Structures are given as structure tokens and as C-alpha cells.
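Note that the structure is a prediction, hence the values are computed from the model and not measured. What's counted below: heavy atoms across the whole structure, side chains too, no hydrogens, waters or symmetry copies.
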Amino acid sequence: MKKMRTFVSLLAAAALLFLMPGAAKLQVSAEEPVTYSLKYVEANGEWRYHVGSWDDNNMGHRELYYLKQFIKDGDIIVVESGDHSLNLDLSTVRLSNITFNHSHSAVISAKSVDTVYVLRDSVGVVNGDVTDAFVYDNAVANFNNNVQNLYITKERSGEQTIAVVGTVAYVRTGDSEKIYNELYNFQANSFRQEKGILKTDPSQFSLLPPGVAPVLPGVPTTPVAPVAPVVPTDPAVVPTTPVAPVAPVVPTTPVAPVVPVAPGGEYDDVPKTGEPLALPALFILGAGLCFGGAYLVKKSSVFGTAQ
């Protein structure tokens, strides 16, 4: 009975493990980044945020006080259009993206930002190091720390106004079809562009990528001696005694061709290679032996049967 109870208990435990949801695959998934859309709400007289894309018909927006409590590393900030200024301090987190979407004027502070988009008709200021910054058309952008890559992109016009307080490693100006120019290694607090015109002194940046030295014309250190002109020498000495021409070789008496010797003597007595040795006689002898042997065998068989 005790063994039976133990067996039933084990069977019940196995059934519970089998039916438990998710028991077959236990996994931990990384938390996805959250997009926070910010906009000034006239009815509330203040900036509010909404999780996901902003929807004027959705009244689920909340005060920025709660945004500072919930935001985490890797989240996204989108500043929507409006005529009011914003100063938001999120310097405790690293943001993956900040987009100034036709905003009037907004200042965002973060520990660092992976990507910043300043769209046309926007004024955006970022406090914190930026990896990639994209500034479009007539946007006004101010970066108060270092920028790794700055992409000045033309969609309708190329009249961006940009200032960088930190260093800029790489600047590319262009549109969707081609690149106008590429510049490198802007010194700290040197990058200035006003309405599409670069104001930085050329001594404060490089036209070549890091590690590529400019090619300078070579200056010889040791003068090379000029090559002396070739002076023609005396004409060749003409031999006084003429050389007799070589007489052609006249063939002597022609050699008689080798005539084969007629066969005869002991040579004919030796069998030649490949010559048959009395093949007809050998065939006849072999046939007789075979016939005689067959006859003797048959006769022996008859006598043995008669006895």
C-alpha cells in the first residue's frame, strides 16, 4: 500500500509539471525601449507626455513629473510641435533617441544620446554627448557637449544654423543623392555654421580622416649631378687587309647506298622471330592424341561395365 501511495504521488507531480503553463520554456526577454511623446497642452497650461505617438483625441497624457520617475536607459523622447519652450532634465539616463519634431524651442539634458534628429522649423538644444546628430533644412541646433558624427542634410533647403561646444569628429553635408563635403576633427568649441555657411577657421579642423597624413611634394636633400652629354668617339678602324670570302664546301664522292645482302648459309637455318615452327604438323599431332585418349577412356568404361 505504501508503494502504491508513493507511485500515485509521483504521477500527480509529473502531471502538474506537464500542465504548468510555460514550464517547457523559461526565458527572460530584455525590456523594450519606451517612446514618450511630449507636447504643450493649452487646456492644462503645461507640457504633458504620452506613451507612444501623440494623439490629441487621447486624454491619457500625464505630467512630466511622472515621466522622470518612469524613464530608463534606452528610452526615446519626441518633442512635438508647439509655440512654447521646454527645459527637461533627464541627465540620469542614457537616451537612445531624441527627435525635435517641428518644435519651437526645447532643451533636453541627458547622460548621453545615441541619435538626435532636429527636423526643419525646429529649435533644439541637447546637453550630453551625442553619437549621431542629424540636422535638416533650416533647423537650429545647439550641442553643448561632444558630437561623434554630425550629418547636415538638405531636404528642401540647406540653411541650418548649428553650434557645437564640444568636439566634432566627423561632419558630412549632403542630400539624399550625393555628399557635398566631408570634414574631420573639429576642435572643441569651434564648429559654427550660420544659415548653411561654415564659419569655423580652417586651422581648427581637417580635410582628411584621422591617421591619413597629407601628401607633400618631395624636396630632394642631395642635389643630383647632371648627366654628362655623350661625346661621339672616333669612327671604327677599318681593316687594311680585306678578308677573303669563305669558299662554299663542295661535296666529295657520294657514298654508295647500303644494299641488303641476299639471304643464304646458316642464317636461313635459324628460325626467325615470329616465324611459325611447323604449325600444321603440331595441330595434326595434337588432334591424334586427343582422339586416342578419348577412345581409351571410352573402352575402359565399357570393360568395367561388362565385368
- Task: For Gln204 and Asn189, indicate whether the former's side chain and the latter's backbone hold a donor-acceptor pair under 3.5 Å.
- Result: no

Atom [atom1] in [X], atom [atom2] in [Y]: separation rounded to 0.5 Å?
X	Y	atom1	atom2	answer
Ile77	Asn101	CD1	CG	13.5 Å
Asp129	Asn146	CG	CG	4.5 Å
Leu119	Asp121	CG	CG	9.5 Å
Ser112	Asn127	OG	CG	12.5 Å

- With the 4.5 Å side-chain cut-off for hydrophobic clustering, are Val140 and Leu86 part of the same group? no

Do you know the tightest heavy-atom contact between [X] and [Y]?
X	Y	value
Gln187	Ser190	O-OG, 2.5 Å
Lys72	Glu32	NZ-O, 3.4 Å
Asp175	Lys178	OD1-N, 2.8 Å

Test item: [X] and [Y] side chains (from C-beta on) under 4.5 Å apart, heavy atoms:
X	Y	value
Arg62	Arg48	no
Ile71	Leu95	yes
Asn185	Pro210	yes

- Task: Can you spot which of Val130, Thr173, Val168, Leu183 makes a side-chain contact (heavy atoms from CB on, under 4.5 Å) with Leu150?
- Result: Val168

- Query: According to the interplanar angle, ranging from 0 to 90°, do the rings of Phe205 and Phe186 count as parallel (below 30°), tilted (30 to 60°) or perpendicular (above 60°)?
  - Reply: parallel

- Item | Mutual orientation of the aromatic rings belonging to Tyr117 and Tyr136 [parallel < 30°, tilted 30-60°, perpendicular > 60°] | parallel

- Message: Under the ring pair (Phe, Tyr, Trp, His ring centres under 6.0 Å) definition, can you give me all pairs with a residue in residues 56-75, not counting sequence neighbours?
- Response: Trp54-His61

- For Ser85, enumerate each residue passing the side chain to side chain contact (heavy atoms under 4.5 Å, CB included) test, keeping only those at least two apart in sequence or located in another chain. His104, Ser105

- Query: Taking only residues at least two apart or on different chains, which pairs with a member in residues 93-110 satisfy salt bridge (charged side-chain N to carboxylate O under 4.0 Å, His left out)?
  - Reply: Arg94-Asp114

